Amino acid sequence: MDAIQSLGYSVFFEDSLTQLVSYIEQGNYSKIFILTDDNTGKYCLPLVVSKLENRSYDLIEITAGEENKNIDFCIGVWKMLIDFGADRRSLLINLGGGVVTDLGGFVASTFKRGIDFVNIPTTLLSQVDASVGGKTGVDMDSIKNIIGTFTQPKAVFIDHEFLNTLPQREILSGMAEMLKHGLIADKSYWERLKNNIVAIPNQELVYHSVGIKNNVVLEDPHEKGLRKSLNFGHTVGHAVETYSLDNDENHLTHGEAIAIGMICESWLSYKKAGLSQDVLNEIVSVITRMYPKYEVNDASFDELAALMKKDKKNEGDEINCTLLSDIGTCVINQICTVEELFDSLRFYKGL
Ligand SMILES: NC(=O)c1ccc[n+]([C@@H]2O[C@H](COP(=O)([O-])OP(=O)(O)OC[C@H]3O[C@@H](n4cnc5c(N)ncnc54)[C@H](O)[C@@H]3O)[C@@H](O)[C@H]2O)c1
């Protein structure tokens, strides 16, 4: 499995942790920092450290969870980098899921005007999506990823073994972004995924998803056009995710929220973008088979609308969605009214 070439860096799959060691050797870094959360510190760090042998590093750990992907935790990490004497020739290794890679990438891209960072994604979601493409950032005031930068990692090292300790709910979360890759760009991949719902998707499927995302990113790194296709499911999905974070004790995972978003936005695609009813039914049936139903109550609609209006993808007051005209074909920049979005939520509620 050859490394995938992205925007000036490689995504390694084969012997990826050995590749990490060579990368560090060649980098001539003054200091190495590893950022984990409390779970990846426990489940993933030992394997990485065993490969580093006696190379020295400083460990920085944050508390796991989307609720901690915020500027306060960045300040904590920046302070630790200062206390540990990080300079411009330091390397930050982000070892974790999308929360660690998004936050760590942002911290590195802004510390001393930018230090090198690499990602070792340890969730399925971060392997197939978050660790590749150069979007870094944190949430603020209940708006997802509103503060951030486009900064590419220096390399990404994907090791399938990390998925063995990942809870099944987190595997399903990552599957949502894989399904999205099929829906927006690759009908035959969607066909394969929908017929092969397994406990842990194999490495070849992870590789395929990274390839789809990478092709989009290579063509449009700063989301002026094609990259908006990756936002399918995310207008409604991000709003539902934030609502759940703020209101539910056992809140939705990112992928569970995106799964709801993909159902709503497929319905909008049927209404506005020429998606056929049969294809809508197929998408709904695959997603509802995989993900538990979430109770969206009528009282939450106004709050969801307010969240969708604050989505960073909008221009002016208009709510901008990415829709599908068929499986594998996207239409970007589709303006949806609040009432249309409410109708899509009613469709989801009625399933
Ligand atoms: N930058 C991007 O392009 C991009 C794309 C998609 C999603 N995202 C972001 O990614 C985030 C979601 O990422 P996520 O789903 O990886 O969530 P996460 O980072 O919160 O990880 C999920 C849970 O799994 C735990 N975990 C991680 N690796 C583990 C392992 N190997 N074994 C056991 N437990 C492990 C974590 O501690 C956490 O509790 C969201 O903030 C989302 O906005 C970013």
Side-chain angles (χ1 to χ4, degrees), residues 6-7 35-48 61-70 73 94-106 109 117 119-140 143-153 156 158-178 180-181 200 209-210 212-214 216-217 221-223 227-234 237-242 244-245 250-259 261 311-313:
S6 191
L7 290 162
L35 179 68
T36 65
D37 68 21
D38 31 20
N39 292 319
T40 61
K42 186 160 135 197
Y43 297 115
C44 311
L45 185 63
L47 181 60
V48 175
E61 188 171 288
I62 59 172
T63 313
E66 181 72 29
E67 56 278 27
N68 305 315
K69 199 177 107 175
N70 58 43
F73 272 83
N94 298 318
L95 176 65
V99 167
V100 168
T101 57
D102 275 14
L103 185 147
F106 177 65
S109 71
F117 68 96
N119 290 332
I120 309 180
T122 61
T123 61
L124 180 62
L125 189 135
S126 59
Q127 295 195 348
V128 297
D129 199 340
S131 65
V132 176
K135 280 189 180 178
T136 80
V138 291
D139 310 333
M140 193 177 76
I143 313 176
K144 287 273 304 169
N145 306 323
I146 190 74
I147 306 295
T149 64
F150 280 107
T151 313
Q152 304 303 326
V156 177
I158 295 184
D159 192 320
H160 201 254
E161 197 174 324
F162 290 128
L163 304 184
N164 294 333
T165 54
L166 199 61
Q168 191 55 32
R169 194 174 168 200
E170 297 297 341
I171 296 283
L172 271 177
S173 179
M175 281 290 291
E177 298 283 13
M178 298 171 80
K180 180 195 77 180
H181 290 149
I200 300 182
S209 257
V210 173
I212 292 176
K213 172 152 188 190
N214 192 48
V216 173
V217 168
H222 293 101
E223 203 168 298
R227 189 164 180 171
K228 292 183 185 176
S229 61
L230 294 168
N231 295 330
F232 173 64
H234 283 61
H238 272 165
V240 174
E241 181 183 8
T242 305
S244 174
L245 264 176
N250 181 19
H251 60 75
L252 291 170
T253 62
H254 180 74
E256 286 166 348
I258 298 313
D311 191 303
K312 65 182 179 319
K313 300 186 295 292

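In each ligand, atom 1 is the first atom listed, and ligand 1 is the first ligand listed. Values in this document were obtained by computation on a predicted structure and should not be read as measured data.
Close N/O approach between K213 and ligand 1 is found [any backbone or side-chain N/O within under 3.5 Å]. The shortest N or O to N or O distance between N39 and ligand 1 is under 3.5 Å. Between G96 and ligand 1, no N or O atom pair is found at a separation short of 3.5 Å. An N or O contact shorter than 3.5 Å links F162 to ligand 1 by distance. Considering backbone and side-chain N/O of R227, none are found under 3.5 Å from N/O of ligand 1. Residue E177 has no nitrogen or oxygen atom sitting less than 3.5 Å from a nitrogen or oxygen atom of ligand 1, judged on distance alone.
Applying the 6.0 Å contact sphere to CD of E67 captures more than 12 heavy atoms from other residues, nucleotides or ligands. Residue Y43 places its OH atom among 12 or fewer non-hydrogen atoms of other residues, nucleotides or ligands, all under 6.0 Å distant.
Between T149 and T136, the side chains place a donor N or O and an acceptor N or O closer than 3.5 Å (distance only, hydrogens not considered). No donor-acceptor contact under 3.5 angstrom links the side chains of T101 and N94, judged on distance only.
One distance of note links CG of D37 with NZ of K42; it measures 11.0 Å at 0.5 Å rounding. With values rounded to the nearest 0.5 angstrom, K135 atom NZ is found 13.0 Å from T151 atom OG1. In this structure, the separation between OG1 on T165 and CD on E170 is 11.0 Å, given to the nearest 0.5 Å. For the atom pair CD1 (I200) and CG (L166), the distance works out to 7.5 Å, reported to the nearest 0.5 Å. How far CD of E241 is from CD of E66: 5.0 Å, rounded to the nearest 0.5 Å. With values rounded to the nearest 0.5 angstrom, L124 atom CG is found 7.5 Å from H160 atom NE2.
In this structure, the side chain of N70 engages the main chain of F73 through a donor-acceptor pair within 3.5 Å. Of the possible polar contacts, one joining the D159 side chain to the E161 backbone as a donor-acceptor pair under 3.5 Å is found. Using modelled atom types, no side-chain atom of S6 and backbone atom of N214 make a donor-acceptor pair closer than 3.5 Å.
Interface atoms of ligand 1 facing K135, defined by a heavy-atom separation under 4.0 Å, are 1 (N), 3 (O). Interface atoms of ligand 1 facing G97, defined by a heavy-atom separation under 4.0 Å, are 16 (O), 19 (O). The atoms of ligand 1 that sit less than 4.0 Å from any heavy atom of A64 are 37 (O), 39 (O). For ligand 1, the atoms sitting less than 4.0 Å from at least one non-hydrogen atom of N145 are 43 (O), numbered in the order shown with element in parentheses.
Between K213 and E177 there is no salt bridge, since no side-chain nitrogen of the basic residue lies less than 4.0 Å from a carboxylate oxygen of the acidic one.
In terms of protein heavy-atom proximity, atom 28 (N) of ligand 1 is closest to T122 OG1, 2.8 Å. The protein atom (non-hydrogen) at minimum distance from atom 40 (C) of ligand 1 is E66 OE1, 3.1 Å. Scanning all protein heavy atoms for the shortest distance to atom 16 (O) of ligand 1 gives T123 OG1, 2.6 Å. When only non-hydrogen protein atoms are considered, atom 12 (C) of ligand 1 lies nearest to L125 CD2, 3.8 Å. Of all protein heavy atoms, the one lying nearest to atom 18 (P) of ligand 1 is V99 CG2, 3.9 Å.
By the criterion of a heavy-atom distance under 4.0 Å, the side chain of C44, and not its backbone, is placed next to ligand 1. Proximity of A130 to ligand 1, defined as any heavy-atom pair under 4.0 Å, is shared by backbone and side chain alike. Under 4.0 Å from ligand 1, not a single heavy atom of D38 appears.
Counting heavy atoms only, D129 comes closest to atom 6 (C) of ligand 1 of the residues T165, I258, D139, D129. Evaluated by nearest non-hydrogen atom to atom 23 (C) of ligand 1, the leading choice among H238, K144, E170 is E170. Closest heavy-atom approach to atom 34 (N) of ligand 1 within the set V128, L166, L245: this belongs to L166. With atom 9 (C) of ligand 1 as the reference point, the heavy atom nearest to it among D102, T40, D37 is part of D102. Here the shortest heavy-atom distance to atom 17 (O) of ligand 1, taken over A257, G65, G98, belongs to G98.
Assignment of Q127 to the shell around ligand 1 is not supported, since no heavy atom sits closer than 4.0 Å. Using a 4.0 angstrom heavy-atom cutoff, G133 does not count as in contact with ligand 1.
Using cut-offs of 30° and 60° on the angle between ring planes, the pair H222 and F150 is perpendicular.
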